[in-house]
Amino acid sequence: MPELPEVETVKRGLAPSLEGAVLSNVRLNRPNLRYPFPDHFAERLNGAAVVRLERRAKYLLAYMDTEDIWVTHLGMTGRFQVTPLGDNAAKALDGNYYHSIDTGAKHLHMSVVATALKERSVSANKGDQTHLIDYYDPRRFGFMLLLTPEELSASKWFQGLGVEPLDGALNADFLMAQFAGRAANLKTLLMAQGLIAGLGNIYVCEALYRARLSPDMAGRDLAPDGAERLSAAIKSVITEAIAAGGSSISDFAATSGELGYFQHRFKVYDRKGQPCLTQGCAGLIERKVHTGRSTFYCATCQK
DNA sequence: CCCACGACCTGTGGGC
DNA sequence: TGCCCACAGGTCGTGG
């Protein structure tokens with residue numbers, strides 16, 4: 001399940017085939033994911049071109065040359081797969097092309113063909129410029145929306161979003177101000193998308209470990225030096241995870257099918273009972289639950 | 001406003 | 001081998 005680094009990895013994987021491409025052959029294999037697909041979803045995307053792809057928090061945004069922004073949230077298990085169509089490109093541009101490579105795949109819910117604009121003007125038959133983009137999502141916690149910019153900023157999904165972890169607005173002062181007076185623990189506060197947007201269970205655990213802060217500390221008890229370490233830890237863990245192509249646990253994969261490799265650098269996540277990796281620390285990693293989510297931490301070096 | 005919890009889904013892995 | 005339970009990257013809505 002994708003947190004910010006995985007969504008960023010997906011965005012980068014989709015960009016070469018989607019940006020500057022015209023969409024066609026939108027196919028829905030079921031009426032809904034977490035929510036119903038938007039009204040007239042296929043009609044509104046077919047024939048439209050993707051101007052640019054962006055990521056906000058864990059949302060993927062495709063700005064179309066129409067009024068629409070095609071928004072995707074991957075939920076826990078959403079995954080895009082990009083396949084060059086090669087010799088099938090010509091058929092793909094024919095409205096009758098039954099385009100999914102395996103339409104019977106159990107969790108393949110949506111597909112679309114993307115054809116590079118400049119290529120289309122020269123020859124529509126060049127397969128390396130036409131891609132099939134398939135969306136899989138076993139648990140269907142993901143969803144897709146079509147919104148105008150105004151609708152997007154007013155929507156319940158976007159209007160309350162907090163700062164991006166890598167934005168300059170996230171710093172020690174911000175944390176001190178936002179956590180002041182808060183009785184909730186650091187784990188819960190860092191998970192709240194309305195404060196910092198994009199962190200999830202893995203990277204919150206890893207950031208708290210790097211900052212040597214207990215997940216149980218009340219927000220109001222965070223001291224300035226701790227806030228400094230926490231801000232730096234969030235930025236470093238997210239930056240490194242993006243550079244590593246995200247984390248592949250169970251089923252996350254980039255659009256090419258390649259796995260991220262940040263999971264090999266986890267210091268605490270899913271390491272219950274294993275030795276703390278801090279030099280000279282004899283502690284063992286523990287697991288406990290905060291607000292329904294597993295937290296992994298070292299009680300010896302996280303205070 | 002703040003917070004905890006259930007719900008939404010399917011798959012997998014561990015224990016017996 | 002099979003069964004059952006716990007748990008999995010998220011977040012929305014509800015109720016206290």
Side-chain angles (χ1 to χ4, degrees), chain A residues 1-11 29-37 55-60 71-80 105-110 135-145 155-162 165 177-208 215-220 237-238 241-242 244-254 259-266 268-273 286-296:
Chain A
M1 158 323 270
E3 302 180 36
L4 186 157
E6 291 73 40
V7 178
E8 181 65 25
T9 298
V10 169
K11 189 200 95 173
N29 294 334
R30 54 174 301 122
N32 65 299
L33 297 171
R34 176 173 176 173
Y35 306 118
F37 281 101
R55 177 197 57 73
R56 172 75 169 107
K58 302 170 192 173
Y59 295 88
L60 197 60
V71 179
T72 302
H73 192 292
L74 302 173
M76 294 279 256
T77 52
R79 182 169 65 81
F80 278 108
K106 190 168 181 187
H107 300 298
L108 172 57
H109 306 313
M110 179 267 185
Y135 179 79
Y136 297 86
D137 191 351
R139 291 178 76 181
R140 303 200 306 277
F141 286 173
F143 55 92
M144 294 187 185
L145 310 168
S155 72
K156 64 181 175 186
W157 299 283
F158 286 82
Q159 42 113 356
L161 278 185
Q178 294 296 318
F179 290 9
R182 299 294 295 266
N185 57 58
L186 297 184
K187 170 72 188 308
T188 303
L189 290 170
L190 292 177
M191 293 287 285
Q193 302 298 299
L195 297 177
I196 303 169
L199 302 181
N201 211 34
I202 293 176
Y203 298 110
V204 166
C205 291
E206 295 295 320
L208 286 168
D216 288 315
M217 177 189 286
R220 62 187 172 215
V237 76
I238 293 297
I242 290 172
S247 301
S248 293
I249 61 177
S250 87
D251 51 11
F252 171 76
L259 302 180
Y261 54 90
F262 192 76
Q263 67 277 12
H264 302 305
R265 310 240 295 267
F266 291 167
V268 289
Y269 185 79
D270 206 23
R271 293 194 64 247
K272 179 186 175 184
E286 297 175 33
R287 172 187 178 275
K288 73 179 281 189
V289 174
H290 293 96
T291 326
R293 310 300 301 279
S294 291
T295 306
F296 299 89

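Letters go in sequence order (proteins before strands), and every chain restarts at 1.
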Centres of the H73(A) and F143(A) rings: under 6.0 Å?
yes
So, under a plain 3.5 Å distance rule, would you say the side chain of R139(A) forms a donor-acceptor pair with the base of dC9(B)?
yes
Would a distance-only check, ignoring hydrogens and angles, find a side-chain to backbone donor-acceptor pair under 3.5 Å from E3(A) to K58(A)?
no
Would you indicate which nucleotide in dG13(C), dC3(B), dA4(B) comes nearest to any side-chain atom of T188(A)?
dA4(B)
Can F141(A) be classed as stacking with the base of dT11(C), given a centroid separation cut-off of 5.5 Å and a plane angle cut-off of 30°?
no
Checking all strands, does F143(A) fall into the base, sugar-phosphate, or nothing category for heavy-atom contacts under 4.0 angstrom?
nothing
Look at the side chain of R140(A) and decide which nucleotide, out of dC3(B), dC9(B), dG10(C), has an atom nearest to it.
dC9(B)
Close side-chain approach of M191(A) and H290(A), heavy atoms under 4.5 Å
no
G-U wobble or Watson-Crick pairing nucleotide for dC9(B) (cut-off 3.5 Å, both distances)
none
In this structure, how many angstroms lie between the C1' atom of dT10(B) and the CZ atom of R79(A), rounded?
15 Å
Can you check the distance between dT11(C) and dT12(B), where both ends of the measurement are the P atom (answer in whole Å)?
23 Å
Is Y35(A) touching bases, backbone alone, or none of the nucleic acid, heavy atoms closer than 4.0 Å?
sugar-phosphate
Does the side chain of Q193(A) get closer than 4.0 angstrom to OP1 or OP2 of dG10(C) through an N or O atom?
no
Nearest-Å distance, CG (L33(A)) to P (dC12(C))?
15 Å
In this structure, how many angstroms lie between the C1' atom of dC12(C) and the CD atom of Q159(A), rounded?
13 Å
Looking across every strand, which nucleic acid part, if any, lies under 4.0 Å from K272(A) by heavy atom: base, sugar-phosphate, or nothing?
nothing
Any donor and acceptor pair, going by atom type alone, linking the side chain of Q263(A) with main-chain N or O of S248(A) inside 3.5 Å?
yes
Considering only heavy side-chain atoms of S294(A), the closest of dC12(C), dC3(B), dA8(C) is dA8(C)
Could you tell me how far dC7(C) sits from dG6(B) if I compare only their P atoms? Round to whole Å.
13 Å
Without decimals, in angstroms, what is the distance between K288(A) NZ and dC7(C) P?
15 Å
I need the CG-P distance between L190(A) and dT11(C), as an integer number of Å.
14 Å
Regarding R293(A), tell me which of base, sugar-phosphate or nothing describes its non-hydrogen contacts under 4.0 Å with the strands shown.
base
When the aromatic ring centroids of F266(A) and F296(A) are compared, is their separation below 6.0 Å?
no
Tell me what R34(A) touches on the nucleic acid: a base, only sugar-phosphate, or nothing, going by heavy atoms under 4.0 Å.
base
What's the closest nucleotide to the side chain of A184(A) if the choices are dA8(C), dC3(B), dT10(B)?
dC3(B)
Among dC9(B), dG10(C), dC7(C), find the nucleotide with the atom closest to the side chain of N201(A).
dG10(C)
With the side chain counted from C-beta on, respond yes when W157(A) and V71(A) share a heavy-atom pair under 4.5 Å apart, and no when they do not.
no
For dC1(B), does either OP1 or OP2 sit under 4.0 Å from a side-chain N or O belonging to R182(A)?
no
From the list dC7(C), dC12(C), dA4(B), which nucleotide is the closest neighbour of the side chain of T291(A)?
dA4(B)
Looking only at side-chain N and O atoms, does K156(A) come under 4.0 Å of OP1 or OP2 in dG13(C)?
yes
In Watson-Crick or G-U wobble terms, with both distances under 3.5 Å, the base opposite dC1(B) is none
Any idea which of dG10(C), dA8(C), dG11(B) is nearest the H73(A) side chain?
dG10(C)
Would you mind reading off the distance between N32(A) atom CG and dC12(C) atom C1', rounded to a whole angstrom?
16 Å
Rounded to the nearest angstrom, tell me the gap between atom CG in D137(A) and atom P in dT10(B).
11 Å
Can you see if the side chain of H290(A) gets near the phosphate of dC3(B) - specifically, an N or O under 4.0 Å from OP1 or OP2?
no
Any side-chain N or O of K106(A) below 4.0 angstrom from OP1/OP2 of dT10(B)?
no
Q178(A) side chain vs L195(A) backbone, donor-acceptor pair below 3.5 Å:
no
Distance check needed: dT11(C) P versus W157(A) CH2, whole Å only.
13 Å
